[in-house]
Amino acid sequence: MTASVEIVFDHLDASDALKDRIHQEVEDLEQVFGRFTSCRVVVATPPGMKHKPGPFTARVQVNMPGGKQVIVNGADSPAKAHDDPNVAVHHAFQAARRQIRELADKMQGKVKNHMNGEASL
């Protein structure tokens with residue numbers, strides 16, 4: 001893993017298993033686009049829920065070359081909250097992967113030609 005990773009647990013205790021899951025998701029992101037410089041992940045639950053945490057949201061911010069950023073904020077919508085923090089993290093990284101692929105294609109000059117549906121360079 002070459003990118004620096006910051007993991008924040010907001011209103012819940014840190015979990016080594018969840019940290020490992022996040023590091024694995026970051027490694028998977030590097031397979032999609034290995035040139036990002038840093039990644040910040042915030043796993044959160046509403047305040048006052050430490051005794052029985054949930055629902056969980058995950059926010060992923062990936063900083064890329066040229067000052068570009070990909071930000072997925074699971075806290076934007078209650079529909080994006082999950083009872084399992086692993087699911088919240090997985091869904092946030094799925095969305096980040098989609099956005100990174102799109103941004104990488106744009107950075108590489110690959111755009112979809114709507115006339116015939118093929119990528120042009």
Side-chain angles (χ1 to χ4, degrees):
M1 188 176 338
T2 57
S4 67
V5 180
E6 178 186 2
I7 301 171
V8 177
F9 292 95
D10 193 13
H11 303 295
L12 70 147
D13 294 329
S15 157
D16 288 337
L18 193 52
K19 285 181 184 178
D20 290 345
R21 171 67 185 257
I22 291 167
H23 283 288
Q24 182 59 52
E25 292 281 2
V26 171
E27 287 179 19
D28 291 349
L29 275 184
E30 286 181 322
Q31 298 300 315
V32 174
F33 186 80
R35 293 185 4 221
F36 62 89
T37 56
S38 65
C39 180
R40 183 171 197 264
V41 181
V42 178
V43 182
T45 193
M49 301 293 285
K50 246 187 179 177
H51 63 286
K52 186 177 186 263
F56 298 93
T57 59
R59 181 179 194 272
V60 177
Q61 176 181 332
V62 179
N63 297 312
M64 304 183 66
K68 297 190 184 320
Q69 289 184 327
V70 168
I71 299 173
V72 175
N73 193 354
D76 283 345
S77 164
K80 294 180 183 176
H82 299 280
D83 291 333
D84 183 343
N86 288 293
V87 174
V89 166
H90 181 69
H91 285 180
F93 273 96
Q94 276 184 323
R97 267 190 292 282
R98 280 191 303 270
Q99 290 183 29
I100 287 172
R101 280 189 191 110
E102 291 172 7
L103 185 58
D105 285 349
K106 287 179 186 176
M107 290 171 72
Q108 295 169 359
K110 296 178 186 174
V111 292
K112 189 163 188 170
N113 181 342
H114 292 284
M115 295 298 271
N116 59 14
E118 295 179 15
S120 62
L121 300 174

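The residues K106 and E102 are annotated as not salt-bridged, no charged nitrogen and carboxylate oxygen being separated by less than 4.0 angstrom.
Between A58 and A88, the shortest heavy-atom distance links the atoms CB-O, 3.5 Å. Contact detail for L18 and P85: the closest heavy-atom pair is CD2-CB, 3.8 Å. Of all non-hydrogen atoms in P46 and H11, the two that sit nearest each other are O-CB, 4.0 Å.
Here CD of Q99 is found 11.5 Å from CD of Q69. Values are rounded to the nearest 0.5 Å. Annotation: the span from E25 atom CD to H90 atom NE2 amounts to 6.0 Å, rounded to 0.5 Å. Here the straight-line distance linking atom CD1 of I71 with atom CG of N63 works out to 7.5 Å at 0.5 Å rounding. Once rounded to the nearest 0.5 Å, the distance linking NE2 of H91 with CG of N86 reads 11.0 Å. With rounding to the nearest 0.5 Å, the separation of CG in D13 from OG1 in T45 is 11.0 Å. In this structure, CE in M64 is found 11.0 Å from SG in C39, a value given to the nearest 0.5 Å.
Residues V87 and V60 do not share a hydrophobic cluster, clusters being chains of Ile/Leu/Val/Met/Phe/Trp/Tyr side chains in contact below 4.5 Å. Hydrophobic clustering, with ILVMFWY side chains joined whenever heavy atoms are under 4.5 angstrom apart, groups V41 together with F9. With hydrophobic clusters built from ILVMFWY side chains whose heavy atoms lie under 4.5 angstrom apart, V26 shares a cluster with L103. Linking Ile, Leu, Val, Met, Phe, Trp and Tyr whenever their side-chain heavy atoms come within less than 4.5 Å puts V5 and V62 in one cluster. Hydrophobic cluster membership is shared by F93 and I7, with clusters built from Ile, Leu, Val, Met, Phe, Trp and Tyr side chains linked at under 4.5 angstrom.
In this structure the side chain of R101 never reaches within 4.5 angstrom of the side chain of F33, judged on heavy atoms. With contacts defined as side-chain heavy-atom distances shorter than 4.5 Å, the pair F56/L12 qualifies.
Heavy-atom contacts from other residues, nucleotides or ligands closer than 6.0 Å to CG of D20 number more than 12.
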